[in-house]
Amino acid sequence: MKGIEYRGINSVEGPIVAVRRSENVSYNEVVYVRDKNGEKKTGRVIDLNEDAAIVQVFGSTTGIDLKESSIEFLGEPLELRVGEGLLGRIFNGLGEPIDGYGQIVSSEKLDVNGSPINPYARVYPRDFIQTGISSIDGMNTLIRGQKLPIFSGNGLPHNKLAAQIIRQAKLKNSDDQFVMVFAGMGIKYDVARFFVNTFEESGVLSKVVMFQSLADAPSIERIITPRCALTAAEYLAYKKGMHVLVVMTDMTNYCEALREISTTRGEVPGRKGYPGYLYSDLAELYERAGRIKESEGSITQIPILTMPNDDISNPIPDLTGYITEGQIVLDRELYQKDMYPPVAGLPSLSRLMKDGIGVADDGRVMTREDHAGVSSQLFASYSKVKSIRNLAAIIGEEELGELDKMYLNFGNHFEREFLCQGEYEDRSIDETLDIGWRTLKYLPRDELLRVKAEYIEKYLPKDSAE
């Protein structure tokens, strides 16, 4: 029977408690573990066999006695209380308020485990989201309903970039406002404070739901945090018809917690010691983003991960890249040149960009007619700049031909004028594309092979190189 306490525990190892299995216990079920002093600790069932149930405790297991402690199976999964009162609130990683106010007033609860969206119910993402950041809007466009991660490294300004996106994101062809759901996993106190202060100062805190699992919180809490955040996002998007932007940082901390728990359970490790189910676990989170046919709302996801040793082939960015629709890669070399945001021009990619820019087949203007051509030309020209810089490092810049020197000049202007902008500078897509044309003027016209001649005549500044 549910709600009955069973006395006695088989074993305790770190946050893992093994108990003699009762009837009808289910996977992911919530349990209460009471130590010999009667203190209640919450946990959940993470494994089952014929004889025992394995429970993961949210917090320390200090004080749990094998004979004197008891366990109660609640017969329900971990749930999040949801309602319109979510907006403007700050919760811990388990969905409990930590902002000094009580629980939201609502009787509705949702299972935090959720489920990925059925592909048949999905609507293909096509609506352009203007972030006000040229390196994203111009070359790696974010589309409503997309999953677009930020690949960063320790010390790089990914948090500043995420905060800027949250402040500035809007739909170009609609007055609908975004609401934000922020999930912080294993983040330091100063990072959590930075996001709260940024949202308060910019006046967007009333449209943000924050879930914070700080670095000193139990690692198991980091596993629950993104699930609580996505459950809140699903409620706001699919039941209230809102456009939701979900930012999750740092997915590396989440995966480290998975590895720690997997090791404690004695599971066979995969690459770099991560569990073999890392791919399916990440996909379970990422695939909860998108648009569905029955709702006007949408969930757009920006996971942030810090690549260990800036290694993009590490299992975390590697698997994330397979599941998501592109990536924004931050470049340490650009950061060391004191450039913000240091978005790498070539490794970054948005796979849904082509369907959300330019002019649609039905004549609807999504961004601007020249967007695709300008983006392609900037990518191609900047790629050539990289090759010429490598050559110049070997033979010296003075040995280069005139055309190569023009490309180097273009590259410097492209980085300083197009990629680089202020932390509070909000550029429209028209401004971004105009800046792109101003950098292309440093190249001869016969090098602009990826844009239509009519667009060159219309948009290229008249003082361009011949």
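- Inspection of the D250 and T306 side chains reveals an N or O donor paired with an N or O acceptor under 3.5 Å.
- Side-chain contact, Y286 with T320: a donor N or O sits under 3.5 Å from an acceptor N or O.
- Here the closest heavy-atom approach between residue T231 and residue D111 is recorded as OG1-O, 3.7 Å.
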Intermediate values then yes/no, salt bridge (Lys or Arg N to Asp or Glu O under 4.0 Å), K109 and E76: CA-CA 11 Å; K109 291 184 177 182; E76 58 187 28; 5.4 Å; no
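- Counted within 6.0 Å of NZ on K293, heavy atoms from surrounding residues, nucleotides or ligands total more than 12; the atom is thus considered enclosed.
- Between the side chain of R227 and the main chain of I223, a donor-acceptor pair closer than 3.5 Å is present.
- Distance alone, capped at 3.5 Å, is enough to place a donor-acceptor pair between the D99 side chain and the I90 backbone.
- Side-chain contact of R81 with S107: a donor-acceptor pair under 3.5 Å is absent, judged by distance alone.
- A centroid separation of 6.0 Å or more is found between the aromatic rings of F182 and F211.
- Not counting sequence neighbours, F151 has no partner by the ring pair (Phe, Tyr, Trp, His ring centres under 6.0 Å) test.
- A side-chain N or O of Y340 and one of Q164 form a donor-acceptor pair less than 3.5 Å apart.
- Taking each heavy atom of M248 and P226 in turn, the nearest pair found is SD-CB, 3.8 Å.
- By the ring pair (Phe, Tyr, Trp, His ring centres under 6.0 Å) test, Y382 is found to be paired with F414, residues two or more places apart in sequence or in another chain being considered.
- A donor-acceptor pair under 3.5 Å is absent between the side-chain atoms of D370 and the main chain of V374, judged by distance alone.
- Between D137 and T131, the side chains place a donor N or O and an acceptor N or O closer than 3.5 Å (distance only, hydrogens not considered).
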